[in-house]
Amino acid sequence: MEPEQRLTEIIGLDNRRKEVQGALDETLNRSNQLSKKIGALMQSGHREEAQKIKLETSEIKERGKILSEQLQDIEKALKEKLYELPNIPNEKVAAGQSEEDNELLFQKGELPQLEADHQPHWELIKDYGLVDFNLGNKITGAGFPFYKAQGARLVRGLVNYFLDKGIASGYQEVQPPILVNEASGLATGQLPDKEGQMYHLSDTNLYLIPTAEVPLTNIYRDTLLVEADFPIKMIGYTPCFRREAGSWGADVRGLNRLHQFDKVEVVQIAKPEDSYAVLEEMKQHVEDLIASLELPYRMLRLCGKDLGFTAAITYDFEVYSGGQKKWLEVSSVSNFENYQANRLKLRYKAQEGENQLAHTLNGSALAVPRILAAILENNQTSKGIKIPSVLQPYLGFDFIEK
RNA sequence: AGAGGAGUGGCAGAGUGGUCGAAUGCACCGGUCUUGAAAACCGGCGUACCGAGAGGUACCGGGGGUUCGAAUCCCUCCUCCUCUGCCA
């Protein structure tokens, strides 16, 4: 359906809502008045008069019942339509026809000069015994790899490193549940798109999270914040689960795209006037993190076509992975402005003026498997794989040999 | 999982069928007093929707029901506490 048509429909429904609610309010008002009268008469012992008025109420009751059923139907329809409405892109976002139209804002770092016999990471992980996909296929299915030995330690080390860097930047660490209910999925915008990315547990009606954004942001569902609550900076490590139904063939080899992967996520809740400054802060945090791993990277601003359903603006960070000669997306940093807050009923009570919706933001800091792939590919030598110096304290080794 | 108890405003806590959106206390905001602060006193102090406003409507864990009228009675679901069972 055309966007304008959708909006017209929503506005029409809202007008109907007002109309019906007005009529219902009026009916309820009359009913309340009569009930009060009956109460007063009963107490003063005028039973017969009370009885008379009682008879009058049946018509009002009937009318109220019809109206409230109508109102419920309208509200349900309205809610459904509103839940299906995506966010409005920020004015900086280019319209765009495809991901080709994402704007490249900068590129930093030297592309690796690899030896002639260099390999993509899916060969390296086999050669060095770091990740076992066959075992994943056996135990679970495609896209659920086993990390082993130094591979497992790399995952754990990266997660710890990312968390420590976040904590040093003032984020509070949170370990959330990785199953969430339907209300949470609706609030951050993963639902109602049921055919989308989440695994669903039908027996308990819970969903496996596709990102820690869902539980972390939902902490603030149905919340009224005050000045003293800010800043709100959370960081959480979770496994993430994505169905990626119908993944379009590309980029699916090795660690590039998985059904289960590890990610450290940062989430901030901000006052509306601060959210773009917070976005800059989060971008900087992610950039510093990638730079510290000595990986070449670039930043893009997503165009409207590539922008997610819920974001007002998104910046993607990609690292260059020399073995496969590809840029891999390792972080998305987004400002949702008040879109999620509206669904969350997350408001901010300013000193003056009316309560307003807060702004929500999040970003990956970082996604583990693609970072791992880039580290392996870019640092390979004929003798083994070098470990970036910042990770060495987390791993207890500085080189991977056969 | 079984048995019992409980869920009321930011917090504590009254209220078991009628003017209860809800006493009271604390917290918070404004004022009086004070050189200033504290104390005391006075006033204010929930959210959402409709309305230009006056005002109206809804909300006492969620949903449904009984009744002219429900925080209060009934059903159901959820959550928490206690005991029993099970379990990392």
Side-chain angles (χ1 to χ4, degrees), chain A residues 10-83 85 175-187 191-192 200-208 215 218-230 232 238-239 269 271-272 338-358:
Chain A
I10 286 169
I11 292 165
L13 273 169
D14 193 46
N15 287 333
R16 281 278 294 149
R17 194 203 100 236
K18 289 180 189 178
E19 213 177 277
V20 173
Q21 198 190 65
L24 177 63
D25 283 357
E26 202 182 305
T27 307
L28 289 173
N29 183 17
R30 268 169 56 206
S31 161
N32 287 345
Q33 304 271 358
L34 288 178
S35 290
K36 278 184 189 176
K37 220 189 253 179
I38 291 169
L41 288 170
M42 295 289 273
Q43 279 188 331
S44 60
H46 298 77
R47 287 199 141 194
E48 282 176 24
E49 278 184 64
Q51 205 58 37
K52 245 192 238 170
I53 299 173
K54 266 196 203 183
L55 295 175
E56 288 178 40
T57 59
S58 65
E59 189 197 334
I60 294 172
K61 256 187 106 175
E62 190 55 33
R63 185 169 154 74
K65 201 178 157 193
I66 291 165
L67 285 169
S68 78
E69 273 165 14
Q70 275 180 17
L71 185 64
Q72 272 183 25
D73 289 347
I74 293 166
E75 280 181 337
K76 189 170 166 238
L78 188 59
K79 211 169 160 185
E80 276 168 18
K81 297 278 176 216
L82 286 171
Y83 270 132
L85 208 59
Q175 282 231 15
I178 58 174
L179 288 171
V180 295
N181 58 28
E182 193 175 1
S184 298
L186 278 168
L191 295 174
H200 180 226
L201 278 65
S202 57
D203 53 350
T204 51
N205 197 26
L206 294 173
Y207 295 83
L208 276 163
N218 268 282
I219 291 173
Y220 289 92
R221 175 149 50 85
D222 291 319
T223 302
L224 181 59
L225 298 167
V226 295
E227 179 73 36
D229 294 319
F230 295 99
I232 297 171
T238 65
I269 314 292
K271 290 186 270 181
N338 65 17
Y339 182 85
Q340 288 183 326
N342 187 37
R343 296 164 81 111
L344 289 156
K345 296 198 176 65
L346 166 55
R347 288 157 310 173
Y348 161 57
K349 192 184 194 76
Q351 297 285 47
E352 309 235 328
E354 300 212 320
N355 294 342
Q356 53 192 318
L357 293 168

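Residue numbers begin at 1 in each chain, while the letters A, B, ... track the order of the sequences. Scope of the values below: all heavy atoms of this structure, side chains included, with no hydrogens, waters or symmetry mates.
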Chemist: Which value, in whole Å, describes the distance between the C1' atoms of nucleotides B:rA52 and B:rU47?
Modeler: 23 Å
Chemist: Both distances below 3.5 Å, Watson-Crick or wobble geometry, any strand: find the nucleotide opposite B:rA1.
Modeler: B:rU84
Chemist: Between B:rG44 and B:rU34, how far is it from one P atom to the other, in whole Å?
Modeler: 24 Å
Chemist: Specify the separation, in whole Å, of atom NZ of A:Lys345 and atom C1' of B:rG46.
Modeler: 16 Å
Chemist: For the side chain of A:Lys61, counting heavy atoms from C-beta on, which of B:rG46, B:rU67, B:rG56 is nearest?
Modeler: B:rU67
Chemist: Measure from CG on A:Leu225 to P on B:rG46 and round the result to the nearest Å.
Modeler: 19 Å
Chemist: Looking at every strand, decide which applies to A:Ala40 at a 4.0 Å heavy-atom threshold: base, sugar-phosphate, or nothing.
Modeler: base
Chemist: Under 3.5 Å for both donor-acceptor distances, Watson-Crick or wobble: does B:rU47 have a partner, and if so which one?
Modeler: B:rA58
Chemist: For atom P, what is the distance between B:rC42 and B:rG25, given to the nearest Å?
Modeler: 10 Å
Chemist: Taking 4.0 Å as the cut-off, does a side-chain nitrogen or oxygen of A:Arg347 come that near to OP1 or OP2 on B:rA48?
Modeler: yes
Chemist: Using purine N1 to pyrimidine N3 plus N6-O4 or O6-N4 for Watson-Crick, or N1-O2 and O6-N3 for G-U wobble, both under 3.5 Å, which nucleotide pairs with B:rU66?
Modeler: none
Chemist: A:Ile38 CD1 to B:rU67 C1': how many Å, rounded?
Modeler: 10 Å
Chemist: Does some side-chain heavy atom of A:Asn218 sit less than 4.5 Å from a side-chain heavy atom of A:Leu344?
Modeler: yes
Chemist: Scan side-chain atoms only and decide if A:Ser184 and A:Arg221 contain a donor-acceptor pair under the 3.5 Å cut-off.
Modeler: yes
Chemist: Pick base, sugar-phosphate or nothing for A:Gln72, based on heavy-atom distances below 4.0 Å to the nucleic acid.
Modeler: sugar-phosphate
Chemist: Using the side-chain contact (heavy atoms from CB on, under 4.5 Å) rule, take A:Leu346 and A:Leu357 through it: C-alpha gap first, then chi angles, then the decisive distance, then the call.
Modeler: CA-CA 6 Å; A:Leu346 166 55; A:Leu357 293 168; 6.0 Å; no
Chemist: Watson-Crick or G-U wobble partner for B:rA27, using a 3.5 Å limit on both distances?
Modeler: none
Chemist: Among B:rC68, B:rA58, B:rC49, find the nucleotide with the atom closest to the side chain of A:Leu28.
Modeler: B:rA58
Chemist: Taking only the C1' atom of each, what is the distance from B:rC74 to B:rU24 in whole angstrom?
Modeler: 31 Å
Chemist: Pairing check on B:rG7: which nucleotide meets the Watson-Crick or G-U wobble criteria with it, both distances under 3.5 Å?
Modeler: B:rC78
Chemist: Could you tell me how far apart A:Leu24 (CG) and B:rG51 (C1') are, to the nearest whole angstrom?
Modeler: 16 Å
Chemist: Between C1' on B:rU57 and CG on A:Leu34, what's the gap in Å once rounded to a whole number?
Modeler: 16 Å
Chemist: What distance, rounded to whole Å, do you find between the two P atoms, one in B:rG61 and one in B:rG9?
Modeler: 8 Å
Chemist: Quick one: do A:Arg16 and A:Glu19 make a salt bridge, cutoff under 4.0 Å?
Modeler: yes
Chemist: Is any side-chain N of the basic residue among A:Lys349 and A:Glu227 closer than 4.0 Å to the acidic one's carboxylate O?
Modeler: no
Chemist: Could you please name the partner base of B:rU19, counting Watson-Crick and G-U wobble pairs only when both distances are under 3.5 Å?
Modeler: none
Chemist: Determine whether A:Leu179 and A:Tyr207 satisfy the following criterion, side-chain contact (heavy atoms from CB on, under 4.5 Å), listing intermediate values before the conclusion.
Modeler: CA-CA 5 Å; A:Leu179 288 171; A:Tyr207 295 83; over 6 Å; no
Chemist: Can you check the A:Asn355 CG to B:rG10 P distance for me, whole Å?
Modeler: 12 Å
Chemist: What integer distance in Å separates A:Leu78:CG from B:rC50:P?
Modeler: 11 Å
Chemist: Whole angstroms only, please: what is the CD-C1' distance between A:Glu49 and B:rC68?
Modeler: 15 Å
Chemist: When you compare B:rA71 with B:rU19, how far apart are their C1' atoms, in angstrom units rounded to a whole number?
Modeler: 16 Å
Chemist: Any idea which of B:rC49, B:rU57, B:rG18 is nearest the A:Ser35 side chain?
Modeler: B:rG18
Chemist: Considering every strand shown, what is the Watson-Crick or G-U wobble mate of B:rG36 when both distances are under 3.5 Å?
Modeler: none
Chemist: Between A:Asp14 and A:Asn32, who's closer to the 5' end of RNA chain B by nearest nucleotide?
Modeler: A:Asp14
Chemist: Taking only Lys NZ, Arg NE, NH1 and NH2, and the carboxylate oxygens of Asp or Glu, determine whether A:Arg17 and A:Asp14 approach each other closer than 4.0 Å.
Modeler: yes
Chemist: If you measure from the P atom in B:rA88 to the same atom in B:rG4, how many Å do you get, rounded?
Modeler: 29 Å
Chemist: Would you kindly compare A:Glu26 and A:Lys18 by the position of their nearest RNA chain B nucleotide and give the one closer to the 5′ end?
Modeler: A:Lys18
Chemist: Between B:rU57 and A:Asn29, is there an OP1 or OP2 to side-chain N/O distance shorter than 4.0 Å?
Modeler: yes
Chemist: Checking base pairs now: Watson-Crick or wobble, both atom distances under 3.5 Å. What partners B:rA14?
Modeler: none
Chemist: Looking only at side-chain N and O atoms, does A:Lys37 come under 4.0 Å of OP1 or OP2 in B:rU19?
Modeler: no
Chemist: Determine whether a donor-acceptor pair (N or O, by modelled atom type, separation under 3.5 Å) exists between the side chain of A:Arg343 and the backbone of A:Leu186.
Modeler: yes
Chemist: Expressed in whole Å, how much space separates the P atoms belonging to B:rG56 and B:rC45?
Modeler: 16 Å
Chemist: What's the closest nucleotide to the side chain of A:Asp25 if the choices are B:rC49, B:rG46, B:rU57?
Modeler: B:rU57
